[in-house]
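First listed ligand is number 1; within each ligand, the first listed atom is number 1. In what follows, residues are counted from 1 in the order of the sequence shown. Values reported hereafter were calculated over all heavy atoms of this structure, with side chains retained and with hydrogens, waters and symmetry mates removed.
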Amino acid sequence: MNHKIPLRAAAVAMTLAACTSTSRAPEPAYPEKDRAAEAQRLLSGPGWYRHAIFYEVYVRSLQDSGGDGIGDLPGLTSRLDDLKALGVDALWLMPIMPSPFADSGYDVSDYLGVNPDYGTLADLDALLAAAHARGMRVMLDLVLNHTSDRHPWFLESRQDRTNPRADWYVWSDTPSSPTIPCGPIPGFGNGAWTFDATRGQYYFHRFGAAQPDLNYWNPDVGAAMLDVARFWLDRGVDGFRCDVVGLLHESPAGCDMIPETQAYIRRLRTELDGYPDRAMVAEPAGFGSTAPFFGGGSDMFQMAFDFDFLFPWPGWIAAGSARPLADHFAALQQALPPGAQSAIQLSNHDFARNFERTGGVSFRWRRAAVIQATMPGTPFLYYGEELDLRPGTQVVVDDRDRARTPMPWSDGPGLGFTTGTPWIAFGADAARTTVATERADPGSAHAFLKGLLALRRGREAFGAGSLRILEVDDPSILLFLRESADESYVVAVGMDETATRSGVAAAARLPGDAQTLLGTASLVREGDAARVTVPPSGFGIFRVR
Ligand code: NOJ
């Protein structure tokens, strides 16, 4: 079966729609703006992150410059133009600091350096300069909750019970504590306490034993981490992705986002606001509302990852009904304070590749990408998603490595990633899904995503506009309206994968007739109502004002 969905570039969409459709009435052509100028305006100033396309990079796997098989910062710098051409505005780098790599860098042994495998501080400066010269931004991963067990702070703390950093970590005579009712995070072992023979006590860790939790009840710990944040902000990074940030404090009252942790996040935000146009995104430690990460809307995080979409979307997309998706995004709008921005991911370094999660059915990922690009929130892509990259088979650190294999860029040994031997084997079919191959194929995943991102670019309604779910009498069709002050768009996504479906949104009250921008669905205004027709696994993005 051919799963390729025809893609029409936004600029020529109206013309093509008019030429190729014999049954449709002529569509309106709304006055077009200079989208490049609009994009520049929207991506400037403190609200830039609402309109940016973020791209998560595992530096180890993006591009090797030195031939040692390990991706590095100079390699990443050399690929900025490729990423920009895809439509990427901002990078989130998974941890780049020195680390023994018990958890792919989420076990930091020096917060003020660069992992020698990845390069030097000067290489980071060069990356920042090159990114900024292209109008791109760079966010670092900030691991606040725990350090490596090789971090000098921990090495000192474990010496005895009286050293200056004795209570920088959480120690107990027993593998428990009456004040800490918190167990290990699922997937990170059976216990949250490990005995340290030197100190003769147990230390607390929500993650692996090589990742002892810092004790945020000690104000010196919080102050030291604010120093770390300032160090990187002074260097010019554009913000942080804050790892499991809700877990900083534990108390009998709870383990996640307790008031003291919220207060600390406010301090971090105050520091961040001392620098222009910086932003932070929160990683929740689990499911549930992200509202606590936003505080009043301007005093905590600018963005938080929406795990309640990230986890279930492959099931929702395949289930035939649009209801769960409509309900999820409508409820999110209600729950978040004004100013809050969701960060929408389809996958990340902790998940299986989309290819695996969708059973290899590319058109499921494509419809999800349409939702990611057009629902309220900021899209965060994970490197390789643009190729619908296949999972790897080799594991070096842990099973998640299957979604962390190197980018196949072009033909030849090392597939353009390295001139040496890659640190981990490429995933299946890598040679067939290189960036070069996919760029040359107008039906490829890469071409699809590039067209979608180009459509979102410079359209304020998608990054910051209002959302209205349009109820359709056919439950398989997701239909919604996004509006900014002077433009309105309708998006239709079909959940039926085998039949064309048509339905009526009786109370759509669209401001104008539909101009097709992308996709094969059709939308016809009938007074207050609108008729939408969607081919199997189809979608449509329409301008209606
Ligand atoms: C969340 C990160 O996404 C994950 O990869 C890591 O293992 C844990 N935090 C611990 O830092």
Side-chain angles (χ1 to χ4, degrees), residues 54-61 91-111 115 139-151 153-154 169-170 182-189 191-192 194 203-214 216 225 228 240-248 250 255-257 261 265 280-288 290 293 301 303-311 343-353 380-385 391-392 395-405 424:
F54 279 76
Y55 186 93
E56 178 190 354
V57 179
Y58 189 30
V59 174
R60 197 173 192 83
S61 282
L91 306 177
W92 146 31
L93 312 188
M94 285 166 64
I96 60 161
M97 297 154 195
S99 161
F101 245 69
D103 184 7
S104 300
Y106 287 96
D107 48 323
V108 176
S109 54
D110 172 8
Y111 282 90
N115 186 331
M139 269 191 183
L140 297 190
D141 218 312
L142 195 56
V143 187
L144 296 165
N145 179 66
H146 45 269
T147 70
S148 162
D149 62 351
R150 316 255 187 96
H151 193 290
W153 296 341
F154 187 73
Y169 294 82
V170 183
C182 323
I185 298 291
F188 285 87
T194 291
Y203 64 89
F204 176 68
H205 51 89
R206 300 296 305 272
F207 294 91
Q211 295 162 292
D213 264 49
L214 284 162
Y216 274 81
M225 283 306 196
V228 167
F240 302 111
R241 175 263 190 193
C242 295
D243 190 64
V244 289
V245 67
L247 305 185
L248 303 187
E250 294 80 19
C255 308
D256 195 359
M257 285 302 268
T261 293
I265 292 168
M280 300 192 297
V281 55
E283 189 210 24
F287 302 108
T290 53
F293 292 97
F301 282 95
M303 296 178 280
F305 291 122
D306 179 7
F307 285 173
D308 288 356
F309 172 71
L310 168 60
F311 275 77
I344 311 180
Q345 300 171 302
L346 299 183
S347 72
N348 67 31
H349 63 284
D350 291 328
F351 279 74
R353 284 281 177 191
F380 273 68
L381 314 176
Y382 180 48
Y383 87 96
E385 264 180 354
V395 166
V396 176
V397 178
D398 61 44
D399 195 49
R400 293 173 295 175
D401 284 341
R402 289 164 25 75
R404 301 176 183 180
T405 56
I424 187 172

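- Every atom of ligand 1 is numbered from 1 in the order shown, and the set under 4.0 Å from a heavy atom of His349 is 2 (C), 3 (O), 4 (C), 5 (O).
- A 6.0 Å sphere centred on CZ of Arg150 holds no more than 12 heavy atoms belonging to other residues, nucleotides or ligands.
- Nearest protein heavy-atom neighbour of atom 8 (C) of ligand 1: Phe207 CE2, 3.6 Å.
- When each of Asp107, Asp149, Thr147, Asp103 is checked for a side-chain hydrogen bond (donor to acceptor under 3.5 Å, both in side chains) with Gln211, only Asp103 meets the rule.
- Selection from Asp243, Leu247, Asp103, Asn348 by nearest heavy atom to atom 9 (N) of ligand 1 gives Asp243.
- In this structure, Phe287 has its ring center closer than 6.0 angstrom to the ring center of Phe311.
- Using 4.0 Å as the threshold, Met94 has no heavy atom nearer than that to any atom of ligand 1.
- Close approach of ligand 1 to His146 (heavy-atom distance below 4.0 Å) involves ligand atoms 10 (C), 11 (O).
- Close approach of ligand 1 to Phe188 (heavy-atom distance below 4.0 Å) involves ligand atoms 7 (O).
- Looking only at protein heavy atoms, the nearest one to atom 3 (O) of ligand 1 is Asp350 OD2, 2.5 Å.
- Separation of the His151 and Tyr169 ring centroids does not fall under the 6.0 Å cut-off.
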For Ser99 and Asn115: C-alpha separation, side-chain torsions, deciding distance, then whether side chain to side chain donor-acceptor pair (under 3.5 Å) applies.
CA-CA 7 Å; Ser99 161; Asn115 186 331; 5.5 Å; no
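- In this structure, Tyr203 has its ring center under 6.0 Å from that of Phe154.
- Using a 4.0 Å heavy-atom cutoff, Glu56 is absent from the residues neighbouring ligand 1.
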